[in-house]
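For reference, the structure discussed in these notes is given below.
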Amino acid sequence: MKKKVVVALGHRALGTTLPEQKEAVKRSAGMIADLIEEGYQVAITHSNAPQLGMIHTALNEFGKSHTDYTQAPMSVCSAMSQGYIGYDLQNAIRTELLDRGIFRTVSTILTQVTVDPYDEAFYTPTKVLGRYMSAEDAAAERKKGNYVVEEPGKGFRRVVSAPNPVSIVEIEAIKTLVNADQVVIACGGGGIPVLEQDHRLKGASAVIEKDLAAGKLAEELDADELIILTSVEKVCINLGKENEEELGEITVEEAKQYMEEGHFGVYNMLPKFRASVEFIEQREGREAIITSYDKLMEGLKGKTGTIIR
Ligand SMILES: Nc1ncnc2c1ncn2[C@@H]1O[C@H](COP(=O)(O)OP(=O)(O)O)[C@@H](O)[C@H]1O
Ligand SMILES: NC(=O)OP(=O)(O)O
């Protein structure tokens, strides 16, 4: 039976601007094609904060000059970011596979992920997004009830909540495609966060950490492996200190200990570890790899990367 993997692509896999993304997805497509050639069933998820910020700014700031302008909520912008990133990614993967003589349908599932309205994250927004604003614009945002943070020397930016993913609404469609050996891009940008109200889903003004959604997706698909591709080959403990040390193969217990000791960035490495630990603990025989894009195949052979078992 084929091994099933969920791959989470970070910022570097996508770039930020439109031309950067076009180039970056070609490189990412090469890695996904390598996995498929090795015989893996693949589901992909990805970051979206820069793209979401760009779309939100375009619609809500520059869009003001249009007479028929209406505000675009964050959830709509999130859906747009999934479509825009998925479009580039699925075409790049399709082309790369065809170049290698492999025909495989690659599709993007517009995915909603439910969140808990009482999630503590709604009280303390942490996800910084969008353009830099002047103090005047920041004050106007605050008046609308939005949260803003100052980045010293740079200006002000919007900040939204990052609630935990609860359930993936379109999971059955994703499962069907993955189990039919098709390549699926799902839960992009952590999924469109939605609140369940009876039979209705209402978009939430939030952004789910894509690594946590990747872990949830891997769990729901009963994947064998969670691959988190980021900008570093290995995760470090004591980062930036004299006793900095790269982590190779570690156990879940060690991973938990390092998390508790506070070795990882709260908004970058910690969600990767949380997702990995939760995924591995659900069933025996699973592993998670955190490594850089160019080291993926070596990581899968156990030669590099931070591997948690
Ligand atoms: N303990 C750590 N070891 C290595 N990198 C860390 C650590 N803590 C924080 N980081 C930072 O996390 C960054 C990767 O996170 P981020 O850019 O958010 O991820 P993504 O690749 O998912 O977009 C690295 O570039 C590094 O600066
Ligand atoms: N949704 C999300 O976690 O995006 P980033 O990885 O771009 O912050």
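Order of listing sets the numbers, starting from 1, for every ligand and every atom in it. In this text the structure is predicted, and so the values were computed from the model without any measurement.
Thr114 and Glu196 form no side-chain donor-acceptor contact under 3.5 Å, judged by distance and modelled atom types alone.
The shell of residues lying under 4.0 angstrom from ligand 2, judged by heavy atoms, excludes Ala162. At least one heavy atom of Lys127 sits less than 4.0 Å from an atom of ligand 2.
When all heavy atoms of Ala204 and Phe122 are compared, the closest pair comes out as CB-CZ, 4.4 Å.
Atoms of ligand 1 found under 4.0 Å from any heavy atom of Gly265 (numbered from 1 in listed order, with element): 8 (N), 9 (C). Residue-ligand proximity, His11 to ligand 2, at heavy-atom distances under 4.0 Å covers atoms 5 (P), 6 (O), 7 (O), 8 (O). Here is the list of ligand 1 atoms found below 4.0 Å of a heavy atom in Val235: 1 (N), 2 (C), 3 (N).
Contacts between His263 and ligand 1 below 4.0 angstrom, taking non-hydrogen atoms only, involve the backbone exclusively. Contact annotation: for Ile208 versus ligand 2, heavy atoms closer than 4.0 Å belong to the backbone alone. Residue contacts with ligand 2, taken as heavy atom pairs separated by less than 4.0 Å, involve Asn48 via backbone and side-chain atoms alike.
A salt bridge between Lys256 and Glu253 is absent, with no side-chain N of the basic residue lying under 4.0 Å from a carboxylate O of the acidic one.
For Ala49, a nitrogen or oxygen atom sits less than 3.5 Å from a nitrogen or oxygen atom of ligand 2, counting backbone and side chain alike.
Taking each of Pro50, Gly262, Gly240, Cys236 in turn, the one with a heavy atom nearest to atom 1 (N) of ligand 1 proves to be Cys236. Nearest residue to atom 19 (O) of ligand 1 from Lys272, His11, Glu245, Lys210 is Lys272 (criterion: closest heavy atom). Across the listed options Leu229, Asp211, Thr230, Leu247, Thr230 owns the non-hydrogen atom lying nearest to atom 20 (P) of ligand 1.
Given atom 6 (O) of ligand 2, the protein heavy atom at minimum distance is Ser47 OG, 2.8 Å. At the shortest separation from atom 3 (O) of ligand 2 among protein heavy atoms lies Lys210 N, 2.9 Å.
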